Each structure stands twice: as structure tokens, then as C-alpha cells.
Amino acid sequence: MTRVAVERLLSGLNEPQREAVLHAEGPLLVLAGPGSGKTRVITRRAAYLASTVTYPRHVLAITFTNKAAKEMQERVRTLDVEPGITVSTFHALCARLLRQYHEAANVPRNFTVFDRDDRRKLLKLAIERCDLSETNWTPAKVEAVISRAKNALQTPVEFSAANLDWSMRTIARVYAAYEQLLSEMGGLDFDDLLMRMALILEQQPALRDKLEDRFRYVLVDEYQDTNAAQYKIARLLTRDHQNLCATGDPDQSIYGWRGADIGNILAFERDYPNAKLVRLEQNYRSTKRILQSADRLITGNLKRKAKTLWTQNEDGLSVRVIECETSEEEAQTVADDIAAQIGAGVAPSEIAVFYRINSLSRSVEETLLRRGIVYQVARGVEFYNRKEIKDVLAYLRVLVNPADEVSLLRIINMPPRGIGDTTIERLESLARTTGRRVYEVLAGNGDLTALGRSAAKVHQFGDLLGQLAPAIHQPTPRALEFIVRHSGLHAHYAAETNEIETPLANIDELISAATEYHEDHPDSTVLQWLEHAALLSDIDTVRGQNGAVTLMTLHAAKGLEFTCVYIIGLENGLLPFRRPDDLLGDEEEERRLCFVGMTRAKRRLILSRAKYRLLRGQTERTARSPYLDELPDDGVEWIESKAPVTARQKAGLHGRLPQDSADWEIGTLVRHPLYGLGQVTGLTRGGRRTHVHVRFPDGSDRTWMLEFSDLQRVEFDEVE
DNA sequence: AATATTCCCGTTTTT
DNA sequence: CGGGAATATT
């Protein structure tokens, strides 16, 4: 690369940023405050290494999310670097390497990644196998303990040895049974991906050497959120060449609950005594007032390395704290302000609402919906959690990895084909007694008479799988279409009429997603796509562009920035979050979480709380978050939201006028405050909910839950 | 065997 | 409140 080109990589960077970009050999720690241009630095650094110092294939960058990986890959490309660097999350990287070196890793070549649901199911089985009761040993609790053990790289035996008390010993038994089940099914859970990789790097020197030689320059972003397994992987990959660049910010460590150890970043200089340290402290993102407020808050943390955040940006607006009466009012106030900002010309995509727990999104969603403000919720996993989506994926998973009995049992009677619980039990016991796996019983032409009358149906199902099997060698979108069509799922879901939820539309969307992925990765296999889908996170599925306001948890907000930021629910027990039963909770981590949220804001930051909050069906009195009291006096404006008593609130019932579903029928003319006049085209009455479908003159169809809608009946004579 | 209904429970954050 | 499991019904 020419001198001119290197100059270009350095253009617009300040001195410490340049140092970080140009430091090639040896360990480097970049402590980067919020908004300090870290992304720019690591992108340029990767480009510099790939083009000037070495070849692209020797550069590895590990990011926290898939989305960040994709963006970084693209940015490096626009810097005119030859393709070939590896940018990936820890999990995706490990999955790829474990598959590539499956023999050394002692995992099946076609292992599948078991998500949280699968893991729960398997744990239930494991608890059962250990003759324990699910009430005493709840899957959730056991899951947490096992996950922690795996993150600490403890096998069942080691875990058992390390714990003397009876309860932990018992969980160790479940852990062992769970591992047995996983291995029988050819599955790896999220933690396994890291743990296995760490262990083979440790135990197989030849492979470790090979990988270290491949990845000669390693960058780990968000180093403050690495856990023991990730730490070990990073260290082992760079043991000899020591070219590890860690970037991050201890003040933004927010994943302690999932095993992340803030100590990893704090001890970097001890681990690497000759490390170069670069501090990025100039903030280019936020106004002075926003930065000062956030900085003041974070100084409340006692266990902390002091640092100086500063900015040359303007003072800006005061940070606002809005105290509302109720959570509904809070949502309305936020929606009002959002509407005003959009009216003033702020792009909706520059606006975000953050909250501590997902369930808080609902109130804001409702108010935005009513105002017709387009929004997106960073909760993409929910899409992959839909029943129909899981059904389709289960077919793929079974075809790719027939040992996956969790998926097999999911589809054996989906669509319904007359194979009920008793038949399944018989099938399982037949498999057990003949020492085979269930899929082997299905695939073999053996004797199914033990299954009684259902034998024919089971046999048919085995045939069906045989017919579908070739599809997985097709490109994923085609495989999906084939399977959806021929499995009977299509017919099954097409038959479901008058539903608001349209499974077929979701399946189409799944195929679109696969198509998009396939365009980006033309040579990818079904197996790779499944893996990709399993490792997607909430934030990965946010579609950046379009004119939508973004709603997300504070955790998902890390690494992003918006012109206007609203953080709702600043109440004691909610932020900082505290579980009802237990007193503990890392209050410093909660403070960091708030800090992360505040520092996402460029120009306008609003913090809100409600004195009464409707949570899980009950309105409760709340107390203000202590964090609000820690904000500086200057530059913060406190607003007591006046509570306009509307007809709605007087009417009670979630602040809405009661609607009587008896008044509604197909053809009824209605008026909506936003969309105007429309006509009811359908009603879906569920257990306690009624959904109204309405068509408007512009041809659009919309659906509301009757009790929440702002629809009003219109009599014919009014229309004239 | 499949579907409809009721009841009970648990309460975060996510790869 | 909402989801999942257990139970009742056809």
C-alpha cells in the first residue's frame, strides 16, 4: 500500500486514534469511551493490517454481534482492501471452526446448534432421567448453574469435584445426563461452542499452532464483556505472536450475569506486561450536557478506573427527567415528544426508546401505533420463536441431523398425522429395547408391529422424511420451499382461515430471509444457514434504514447511537433491576447499563419514570430510581408531568373506554382517529380477545384488538 | 387423538 | 398479564 493510501486510512483521526490504527505488532489495549470513534479505529486498523502489514486472511476481528460483524466487513471493503479478513462473533467463529475441525474436536460433522428452547427440553429430560422432580429442580435454575459451569470451562466431573454441597452435586448429575443427551442428539448448545473451542485449543497443540498461524492479528471488540471461555480462546489464539488487540470500555460491561468478567479487561496489562495502552476519551457523539450527566452518573461506581470524558461539541439541550403519574401517561408523553421531534424534522430512524425489560415495550408500542408512528422492536428472536417458523426449521434440522430428537418429536405429528402421545411412547420404547435411535427405527424397514394400528402412519412418516431428504442439498431457499410444500405444512397452515396471525406469511418471510442470506453467501449450505439462524440475536434483526423509530432493551443498545434517546422506567427495582425475591443484583452493573443507554444519545436525552406502573396486570406504586438523584444539578431539567384527566382515564380499564364486541359485525362502518373512515371486514373472537379487521378506502387492511382500539362506530346517517 | 378450556406460575438482560 | 401445562370435552 502506498503512503498516500495509508494517509487516507488515517485521515480525520486524532492522535490516539492514529496510534491505535498503526500499532501492528504486540498486544494493544484500546480503552475507548462512548462515542470516541472506536468503530472507526478498529475498522481502519483492520484495513491497515490487511493491506499493509500482512494478508487479509491473517486478520481476525471478533465483534459482539453478527450485525456489527457484517457492518465491519462492509466498511473494510469500502476502504479498498482485498477481501479475505475474518469478521465474526465468538460463537459463529467457534461454530465454523468446530465444524471444520470436527474430528479433532470430537463432534459430529453435522452437529446442530441447540437454542434455548431445545436446551430447556433436554434439561427436562435430563432431570427426569435423574429421577428428580421438576418442581424442586426447575429447569431454569439448573440451566443457569450449568451454563455458568460451562462458561467457567468445567466439565460435569470437574464441576462435581469443585462443589461439595449436595444440591450442587445433584445438579452435577443433571449436567452429566444433559451432556449425554446432547451428545446422543448431535447437538451443541451456545456455551458448548465456546467451551469446546477453548478446550481443543488447550489440548491440541498442533491445531492451536495451525490456527495461531492462520490468525496472526486478532482483534477482540467489547473485551469487557468476554467470559472465561472467550478469554481463554483469545489468549490461546495469540499465545506466541501476542498480536492481540483488545478494545472496550470497563464502564460498559453489562453482561456479568452471563458470565462476562470485567476483570479480563482490567487485568489486560497484567496479562500482557508489554502491552501498549491507548485511551480514546474525546467524545464526538453527544452534547456536553448529555456527556456530563452520564459521566456524573458513572462516577457513582466505586470499583472503577477513573477516566476523563470530554467533548468539543456544543452544550446542547438540558437532559430531561420526566416524572409521570402512570405508565400509560409515560408512554403517551414519550410518544408526544417523538411526534414533535419527527414534526421538527428528525428522522424516525434517529429516534430510540430504551427500557430495562422487554415487557415495557408494550405500552410505548401501543401509543406509537395509535399515532401512526412507524416503529420497529429489536426482538427479532421472537420471529424465530413463532410456532410455524420453529416447525419449518425443525424439518430442516431433522433432515440435516436425524439424531436431533427434539426436532424429530416436534414434527412427527406436525402437521397432524395421527401419531399421538401413546404411539410416540411406544416408538421410543421400541427404539430403546432394540438399541437404536428413533430415526433409525423410522428409516429402517424393520418391524413396526409393536406400534399397533399406528404402525402404518409411522411408516408413512418415515417415507416422507426419505422423500424430503434430498432437498437439503439444494440452495437453502429452494430447500425451504420444497419442504414447506411437501411436508404438508403448507396445506396445514393454508387451511387455517380467518386468523389474524398468518403463519404462511411468516413462512414466506423466512424464505425471504434465507434468500437474502443466500445472496450474500452463494455457496452456503442448509447447515450453515441453520447455524446462522440459531446464532442470530435480537439486535441482528433490526432493519436499520427505513423510517422507523427503534425500541429496544438497554442491553441491545450497546454500540449504537441516536439523535434522540428516551429511557423509560427509571424506577427503583426496575432500573436498577432487582428481582422480587432476591436482594442481590449487581448495582454497579445496572448503573453501567444506564450509562450505556444515556451515552447513546447525540442531542436529546429524556429519562422518564411513572409513579404508578402497570406491570404483569397490576398497578403498583413505584419509587424513583436512585440514579436520577445522582444526576448533576446543572444541565438537567426536571419535569413533573401534569396529568390530564381524560374521559378514558375516568373510564378506568387501562384508560380506555370499554368496547362491547356485540356492537360489531362485518360491514360496520367505523372511524379511526388516524386512518379515518373504514369498514369492518372481519372479526376474530379468541378466548378473551376480539380482533377487528378493517379495510380503509386506500385499500389498506388493518387489525386491532377491539378493547385497545380507538375505533368508533359510525352510523350510516352520519356519513353523508 | 385432537382440540378447547382452564389454571397456575413466574416474574431480566442474550449468544 | 401472558404463556405453557394440565385437564376437559368431542
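These numbers were taken from a predicted model, which means no experiment stands behind them. Reckoned from all heavy atoms, side chains included, excluding hydrogens, waters and symmetry mates. Throughout, a chain's letter reflects where its sequence line sits, starting with A, and its residues are numbered from 1.
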Touch class at under 4.0 angstrom, heavy-atom based, for Asp421(A) against every strand present: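 The answer is sugar-phosphate, as Asp421(A) gets under 4.0 Å only of primed atoms, P, OP1 or OP2.
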
Sugar-phosphate only, base, or nothing, as touched by Thr422(A) at under 4.0 Å among non-hydrogen atoms: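 The residue Thr422(A) makes sugar-phosphate contact but no base contact.
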
Contact nearer the 5' end of DNA chain B, comparing Phe90(A) with Lys457(A):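 Looking at DNA chain B, the more 5' nearest nucleotide goes with Lys457(A).
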
Check ion pair Asp391(A)-Lys387(A) (N to O, under 4.0 angstrom):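 A salt bridge is present here (some side-chain N lies under 4.0 Å from a carboxylate O).
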
Lys38(A) bridged to Asp249(A) by N-O distance under 4.0 Å: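 No, no charged N to carboxylate O under 4.0 Å.
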
What nucleotide among [options] has an atom nearest to a side-chain atom of [X]?
| X | options | answer |
| --- | --- | --- |
| Asn413(A) | dA1(B), dT13(B), dA2(B) | dA2(B) |
| Phe577(A) | dT13(B), dA2(B), dT12(B) | dT12(B) |
| Ile357(A) | dT14(B), dT13(B), dA1(B) | dT13(B) |
| Arg362(A) | dT12(B), dA1(B), dG2(C) | dG2(C) |
| Arg258(A) | dA1(B), dT14(B), dA2(B) | dT14(B) |

Please report, rounded to the nearest Å, how far the [atom2] atom of [N] is from the [atom1] atom of [X].
| X | N | atom1 | atom2 | answer |
| --- | --- | --- | --- | --- |
| Leu615(A) | dT12(B) | CG | P | 9 Å |
| Arg120(A) | dC9(B) | CZ | P | 17 Å |
| Arg148(A) | dT13(B) | CZ | C1' | 15 Å |
| Tyr255(A) | dT12(B) | OH | P | 16 Å |
| Phe595(A) | dT13(B) | CZ | P | 23 Å |
| Phe64(A) | dT13(B) | CZ | P | 15 Å |
| Glu571(A) | dT11(B) | CD | P | 20 Å |
| Glu143(A) | dT14(B) | CD | C1' | 11 Å |

Asp225(A) side-chain N/O to Ala260(A) backbone N/O, donor-acceptor pair under 3.5 Å: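 It does not hold such a pair.
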
Any donor-acceptor pair under 3.5 Å from His102(A) side chain to Arg99(A) backbone: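 Pair found, side chain donor or acceptor close to backbone of Arg99(A).
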
Ring geometry between His521(A) and His532(A) (parallel below 30°, tilted from 30 to 60°, perpendicular above 60°):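 His532(A) vs His521(A) ring planes: tilted.
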
Parallel, tilted or perpendicular: rings of Phe64(A) and Tyr255(A) (30°, 60°):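 Plane angle between 30° and 60°, so tilted.
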
Thr553(A) vs dT14(B): side-chain N/O to OP1/OP2 distance below 4.0 Å: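 Result: yes.
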
Short side-chain N/O contact from Asn358(A) to OP1 or OP2 of dT13(B), under 4.0 Å: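 Affirmative; the distance criterion is met.
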
I'd like a list of close polar pairs between nucleotides 5-9 of chain C and the protein, N/O only, cut-off under 3.5 Å.
residue	atom	partner	partner atom	Å
dA5(C)	OP1	Lys124(A)	NZ	3.3

From Lys457(A) atom NZ to Leu464(A) atom CG, the distance as rounded to the nearest 0.5 Å: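 With rounding to 0.5 Å, NZ (Lys457(A)) is 15.0 Å from CG (Leu464(A)).
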
C1'-based separation of dT12(B) from dA5(C) [nearest Å]: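 Per the computed distance, 23 Å lies between those C1' atoms.
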
The single option from Arg304(A), Arg591(A), Arg592(A), Lys558(A) passing salt bridge (Lys or Arg N to Asp or Glu O under 4.0 Å) against Asp251(A):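 Looking at Arg304(A), Arg591(A), Arg592(A), Lys558(A), the match for Asp251(A) under the salt bridge (Lys or Arg N to Asp or Glu O under 4.0 Å) is Arg304(A).
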
Ring-on-base stacking dT13(B) with Trp257(A) (under 5.5 Å, under 30°):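 Aromatic stack with dT13(B) present for Trp257(A).
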
